[in-house]
2 protein chains.
Amino acid sequence: MQGVTFSISQLAQEFDVTTRTIRFYEDQGLLEPQRDGQRRIYTRRDRVRLMLILRGKRIGLSLLEIRELFDLYDAASNDEPQLREFIRILSRKEQQLQEQLDDIRVVMGEISQIRSQCEKALDKQAGSKP
Amino acid sequence: MQGVTFSISQLAQEFDVTTRTIRFYEDQGLLEPQRDGQRRIYTRRDRVRLMLILRGKRIGLSLLEIRELFDLYDAASNDEPQLREFIRILSRKEQQLQEQLDDIRVVMGEISQIRSQCEKALDKQAGSKP
DNA sequence: CAATAACTTGACGTTTACGTCAACGTCAAT
DNA sequence: ATTGACGTTGACGTAAACGTCAAGTTATTG
């Protein structure tokens with residue numbers, strides 16, 4: 001029993017990125033798929049990693065930051081200072097995310113205000129030529 | 001009565017960006033301060049714009065997107081298709097922000113899980129050598 | 001008046017995150 | 001045996017968002 005695997009283009013399709021992108025992530029040390037000869041073979045673990053990479057990007061992490069988190073998470077399982085460092089980084093990031101979330105709320109509030117103003121303006125115009 | 005104005009370095013200090021950055025925003029059509037001879041003079045309106053630019057950036061807008069929003073907002077006051085376009089863009093961005101917000105919540109949840117695992121691991125280690 | 005500080009434009013450099021060829025390997029199907 | 005789909009490694013290109021000089025201007029202050 002060898003488990004489910006994926007080709008590079010399968011993953012590319014599924015996550016709507018190019019194969020170039022996936023190889024690039026490998027260059028950056030974010031993925032390390034096995035090989036069958038030359039060809040890359042991706043396990044479910046690799047697939048999860050890719051998901052994490054993309055989610056990390058969506059919340060504004062750089063590839064380098066993502067890599068650092070991966071490295072720490074991989075290496076931290078046994079070493080106390082590493083674990084402490086990991087927790088520190090996570091806390092910091094959590095705080096940043098909270099600030100980002102606040103920003104987003106503010107902007108979304110402003111957007112809805114502006115939009116309702118726009119819509120009022122359109123209503124006036126529509127009413128003026130019946 | 002001429003109103004409060006600011007120099008480029010005042011704004012740079014206040015918002016913790018370089019003067020280069022502020023001039024760059026002007027190159028990109030995001031700011032257009034008046035001049036006293038050569039020197040740029042910023043009004044409160046310019047200051048507000050800069051605030052909006054920086055907030056836009058924090059939520060992941062590109063300078064180009066920010067510029068488009070400014071342009072639309074400036075030009076849209078009287079023209080119906082422009083207003084509709086403006087509303088469309090705002091709706092789209094609102095949706096993106098909502099997705100980003102969801103992502104952030106997911107990641108923050110994961111972070112707190114991982115962190116509590118780390119802390120448990122540390123407790124064990126601490127307990128093992130009294 | 002000379003020095004200093006603050007400002008200007010312009011040009012080139014840098015980093016991140018890929019895109020875009022080019023040239024070649026491999027395997028299945030015709 | 002060739003075609004076509006899929007994969008591979010380089011190498012170079014690019015867009016965004018500034019940083020970093022360089023070289024000159026203007027204002028003010030001792």
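What's counted below: heavy atoms across the whole structure, side chains too, no hydrogens, waters or symmetry copies. Proteins come first, then strands; the chains are lettered A, B, ... in the order of their sequence lines, and each starts at number 1. Fair warning: this is a prediction, and the values are worked out from it, not measured in the lab.
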*Answer yes or no: are there more than 12 heavy-atom neighbours, outside Q28(B) itself, under 6.0 Å from its atom CD?*
yes

*Where do T43(B) and Q34(B) come nearest, in terms of heavy atoms and distance?*
CG2-OE1, 3.4 Å

*Does the side chain of K57(B) get closer than 4.0 angstrom to OP1 or OP2 of dA16(D) through an N or O atom?*
no

*Separation of dA17(D) P from R67(B) CZ (nearest whole Å)*: 13 Å

*Just checking T19(A): base, sugar-phosphate only, or nothing, at a heavy-atom cut-off of under 4.0 Å?*
nothing

*Mark yes or no for a side-chain to base donor-acceptor pair under 3.5 Å between R20(A) and dT20(C), with no hydrogen or angle criteria applied.*
yes

*Does NZ or CZ of R49(B) lie under 6.0 Å from the centre of the six-membered ring of F70(B), at an angle within 45° of the ring axis?*
yes

*Taking CZ from R39(B) and P from dT25(D), how many angstroms apart are they, rounded to a whole number?*
13 Å

*Length of the CD1-P vector between I41(B) and dA27(D), whole Å*: 11 Å

*So does S7(B) get a side-chain nitrogen or oxygen closer than 4.0 Å to the phosphate oxygens (OP1/OP2) of dC7(C)?*
yes

*Would you say Y25(A) reaches dA17(C)'s phosphate, i.e. side-chain N/O to OP1/OP2 under 4.0 Å?*
no

*Touch check for R40(A), heavy atoms < 4.0 angstrom, all strands: base, sugar-phosphate only, or nothing?*
sugar-phosphate

*5' priority, DNA chain D, between Y42(A) and S62(B) [closest heavy atom]*: Y42(A)

*If only side-chain N and O atoms of T18(A) are considered, is one of them under 4.0 Å from the OP1 or OP2 phosphate oxygen of dC18(C)?*
no

*Check the distance between dC18(C)'s P and L50(A)'s CG and give it to me in whole angstrom.*
11 Å

*Over how many whole Å does the gap from R23(B) atom CZ to dC7(C) atom C1' extend?*
7 Å

*asked:* So for atom CD, which belongs to Q98(B), do other residues, nucleotides or ligands contribute more than 12 heavy atoms lying within a distance under 6.0 Å?
replied: yes

